[in-house]
Amino acid sequence: MSKDKSAKIPTPQAVRGTQDMLGDFADRFAHVVGAFDRVRRLYGFKRVEVPVIEPTAVFARSLGETTDVVSKEMYSFEDRGGESVTLRPEFTAGIARAYITNGWQQFAPLKVATHGPLFRYERPQKGRYRQFHQLDAEVLGSDSPLADAELLMFADQLLKQLGIADGVTLTLNTLGDAESRDAWRAALVEHFEGHRASLSEDSLARLDKNPLRILDSKDPQDRPIADSAPDIDAFLTGEAQDFFGAVTAGLDAAGVAWERNARLVRGLDYYRHTAFEFVTDRLGAQGTVLGGGRYDGLIEALGGPPTAAVGWAAGIERLAMLIDEPKVDPLNVILAVEDDLAIPAAQRIATALRLHDLSADMIATGSARKRYDKATKINAHVLMSLRWIDDKAVVRTQSVTHDDVLAQVSAVVDGLGFH
RNA sequence: GCGACCAUAGCUCAGUUGGUUAGAGCGCCGGUUUGUGGUACCGGAGGUCGCGGGUUCGAGCCCCGUUGGUCGCCCCA
């Protein structure tokens with residue numbers, strides 16, 4: 001580039017774990033978001049926007065002070081007013097906060113959907129970033145299993161429309177109500193205590209911090225112990241059993257395929273009843289494409305009224321990696337301006353086309369002789385060349401992939417007095 | 001926080017047991033050819049081989065450190 005070293009400054013690098021998207025991946029990303037927005041409307045979910053930044057307490061309370069996310073993965077800092085604020089590491093807590101502070105109880109049950117960036121200070125790896133993006137859907141203020149089932153139908157349809165349902169399985173479990181969960185947890189701790197000597201180091205730490213997590217340990221040393229641990233089924237209250245039964249009945253009625261995974265648990269404490277993950281083996285270590293569950297205790301934990309709620313979130317980057325390359329709408333018209341004298345005419349034509357809702361772009365820089373060649377390499381329905389002959393611009397239609405587009409384009413161009 | 005692998009032109013990469021002025025394709029810029037044409041050819045710009053030390057007569061290549069990337073563990077979407 002420039003040899004002027006005096007003007008050179010070291011270019012700052014992108015922050016670790018962030019990404020700049022252009023071209024193919026940006027198209028994939030947009031396609032995922034577009035599909036989500038379409039399906040969300042089909043299910044009557046309202047679009048919501050919530051802040052990227054929240055008081056730290058919103059996440060510290062809801063996620064539990066001791067979880068890794070809170071203790072070492074949050075982007076938290078004091079703002080200039082001395083308030084501790086945090087870049088959101090997830091959507092649910094912020095939406096729950098908004099539900100309380102805006103009095104959205106009046107709309108309960110409230111079905112909302114959103115998407116956007118989230119931040120977690122983690123080691124980046126495949127399908128894992130410090131700034132990542134999720135789709136999110138929540139039903140607030142409903143204790144009905146119909147809400148769980150509908151959310152899963154929504155998720156299932158989204159994956160189908162993205163064309164990745166074949167490589168992805170819905171795995172489902174219940175964590176029961178508070179009573180069931182506590183009883184199961186106690187039984188699990190007892191079971192694992194009995195095998196303390198054979199557990200991996202990681203799982204010994206989990207035993208104190210988060211015993212449920214031993215169940216889905218990847219360590220082969222843990223597997224026999226985890227596999228022989230009791231399922232929750234024996235501890236489910238009648239109510240909890242009925243609830244899970246209603247959810248699965250709904251899925252069956254709607255033709256949503258699912259598998260029971262009695263080892264599927266949640267790290268976060270506020271989850272109750274339904275827990276689910278859509279998993280794939282096509283993303284390396286990142287198996288989960290979409291996950292969620294019921295979090296009846298959360299809103300109360302944030303100081304709101306007791307409110308039942310259920311929701312899910314899905315990583316946009318992960319979905320974008322799984323889908324086939326989306327078709328991108330070609331440009332309607334590309335203009336090859338083969339003589340600088342014809343540039344004003346090209347500008348006039350391009351503007352007129354755009355005013356008529358026809359996309360247009362022009363190649364008018366670089367070697368005049370090569371502009372046509374460049375234009376042919378651009379994906380456009382209609383290629384037109386502009387040359388300067390006998391003191392005026394001459395427009396020629398050179399190649400066409402869609403006659404109906406050409407008809408519209410010709411009408412505009414002819415109306416300008418060309419041809 | 002821990003581990004493994006990687007780092008050469010704008011991009012994708014080659015570079016032989018260490019041996020003169022570090023190469024290719026694509027892209028970019030210019031020119032010739034073609035002129036109803038997505039062709040072919042010629043030329044050009046662009047690299048302190050991530051950065052810093054060390055070994056050596058000599059390092060893109062070997063050693064150490066460092067930064068960054070990738071993948072995995074932990075955790076998690």
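Side chains are part of it too, since the values below use all heavy atoms of this structure and drop only hydrogens, waters and symmetry mates. Naming: A, B, ... by sequence-line order, numbering from 1 per chain.
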Using a cut-off of under 3.5 Å, enumerate the N/O to N/O pairs linking the protein to nucleotides 38-44 of chain B.
residue : atom : partner : partner atom : Å
B/G38   : N2   : A/T376  : O            : 3.3

Length of the [atom1]-[atom2] vector between [X] and [N], whole Å:
{"X": "A/D20", "N": "B/G69", "atom1": "CG", "atom2": "P", "answer": "12 Å"}
{"X": "A/R128", "N": "B/G69", "atom1": "CZ", "atom2": "P", "answer": "15 Å"}
{"X": "A/R371", "N": "B/G31", "atom1": "CZ", "atom2": "P", "answer": "10 Å"}
{"X": "A/L151", "N": "B/A77", "atom1": "CG", "atom2": "P", "answer": "15 Å"}
{"X": "A/L283", "N": "B/U70", "atom1": "CG", "atom2": "P", "answer": "15 Å"}
{"X": "A/L22", "N": "B/C11", "atom1": "CG", "atom2": "C1'", "answer": "12 Å"}
{"X": "A/Q125", "N": "B/A4", "atom1": "CD", "atom2": "C1'", "answer": "13 Å"}
{"X": "A/E277", "N": "B/A77", "atom1": "CD", "atom2": "P", "answer": "7 Å"}

So what does [X] hit on the nucleic acid, given a heavy-atom distance under 4.0 Å: a base, only sugar-phosphate, or nothing?
{"X": "A/Y129", "value": "base"}
{"X": "A/G292", "value": "nothing"}
{"X": "A/A285", "value": "sugar-phosphate"}
{"X": "A/Q19", "value": "nothing"}

Where the side chain of [X] is defined as all heavy atoms beyond and including C-beta, which of [options] is the nearest nucleotide?
{"X": "A/D202", "options": "B/A77, B/G35, B/C73", "answer": "B/C73"}
{"X": "A/R120", "options": "B/C76, B/G35, B/U70", "answer": "B/C76"}
{"X": "A/E73", "options": "B/U70, B/C75, B/C71", "answer": "B/C75"}
{"X": "A/K218", "options": "B/C76, B/C29, B/A77", "answer": "B/C76"}

My understanding is that only residues two or more places apart in sequence, or in another chain, count here; which of them pass salt bridge (Lys or Arg N to Asp or Glu O under 4.0 Å) with A/R348?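 In terms of salt bridge (Lys or Arg N to Asp or Glu O under 4.0 Å), with neighbours along the sequence ignored, A/R348 is linked to no residue.
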Donor on one side chain, acceptor on other, [X] and [Y], under 3.5 Å:
{"X": "A/E317", "Y": "A/Q19", "value": "yes"}
{"X": "A/T351", "Y": "A/R354", "value": "no"}
{"X": "A/Q221", "Y": "A/S198", "value": "no"}

Requiring both pairing distances under 3.5 angstrom, list the stems that contain RNA chain B and are made of three or more consecutive Watson-Crick or G-U pairs.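 Stems (3+ consecutive pairs) listed as B:1-7 with B:67-73, B:10-13 with B:23-26, B:28-32 with B:40-44, B:50-54 with B:62-66.
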Judged by each residue's nearest nucleotide on RNA chain B, which is more toward the 5′ side, A/S217 or A/E317?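 This one resolves to A/S217.
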On RNA chain B, does the nearest nucleotide to A/V15 precede the nearest nucleotide to A/L290 from the 5' side, or the other way round? Give the residue.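 By nearest-heavy-atom nucleotide position, the 5'-most residue is A/V15.
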Polar pair under 3.5 Å, donor/acceptor by atom type, side chain A/R206, base B/C75: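 Side chain to base: no pair below 3.5 Å.
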Rounding to the closest angstrom, what is the interatomic distance between [N] and [M] at atom [atom1]?
{"N": "B/C75", "M": "B/C6", "atom1": "C1'", "answer": "25 Å"}
{"N": "B/G47", "M": "B/G69", "atom1": "P", "answer": "24 Å"}
{"N": "B/U48", "M": "B/G58", "atom1": "P", "answer": "24 Å"}
{"N": "B/G65", "M": "B/C71", "atom1": "C1'", "answer": "23 Å"}
{"N": "B/C49", "M": "B/U21", "atom1": "C1'", "answer": "15 Å"}
{"N": "B/C61", "M": "B/U56", "atom1": "P", "answer": "16 Å"}
{"N": "B/A4", "M": "B/G44", "atom1": "P", "answer": "46 Å"}
{"N": "B/G23", "M": "B/G43", "atom1": "P", "answer": "15 Å"}

Quick one: which residue pairs count as a ring pair (Phe, Tyr, Trp, His ring centres under 6.0 Å) with a foot in residues 130-178 of chain A, not counting sequence neighbours?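 Residue pairs passing ring pair (Phe, Tyr, Trp, His ring centres under 6.0 Å), neighbours aside: A/F29-A/H133, A/F36-A/F154, A/Y43-A/F154, A/F45-A/F154, A/F154-A/W312.
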What are the atom names and distances for every N/O pair under 3.5 Å that joins the protein to nucleotides 1-3 of chain B?
residue : atom : partner : partner atom : Å
B/C2    : N4   : A/R123  : NH1          : 2.9
B/G3    : O6   : A/R123  : NH2          : 3.2

Are there more than 12 heavy atoms of other residues, nucleotides or ligands under 6.0 Å from atom [atom1] of [X]?
{"X": "A/D227", "atom1": "CG", "result": "yes"}
{"X": "A/I389", "atom1": "CD1", "result": "yes"}
{"X": "A/D233", "atom1": "CG", "result": "yes"}
{"X": "A/E190", "atom1": "CD", "result": "no"}

Do A/R41 and A/D37 come within less than 4.5 Å of each other through their side chains, counting heavy atoms only?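 Heavy-atom side-chain distance check passes, below 4.5 Å.
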A/R196 versus A/L207: any side-chain heavy-atom pair under 4.5 Å?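 When only atoms from C-beta onward are counted, A/L207 and A/R196 do touch, with a gap below 4.5 Å.
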Would you tell me if any nitrogen or oxygen in the side chain of A/K374 comes within less than 4.0 Å of OP1 or OP2 on B/C29?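 Checking B/C29 against A/K374, a side-chain N or O does come within under 4.0 Å of OP1 or OP2.
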Look at the side-chain N and O atoms of A/R266 and state whether any lies under 4.0 Å from the OP1 or OP2 oxygen of B/C76.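 Indeed not, no polar side-chain atom of A/R266 lies that close.
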Going by the rule side chain to side chain donor-acceptor pair (under 3.5 Å), which residues pair with A/R97 if we only count those two or more places apart in sequence or in a different chain?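 Once residues adjacent in sequence are excluded, the partners of A/R97 under the side chain to side chain donor-acceptor pair (under 3.5 Å) criterion are A/E54, A/T101.
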A/R130 to A/Y121 six-membered ring, cation-pi geometry met (6.0 Å, 45°):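 Cation-pi check for A/R130 and A/Y121: passes.
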Drop me the distance from A/D222's CG to A/L215's CG, to the nearest 0.5 angstrom.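 Here the rounded value is 10.5 Å.
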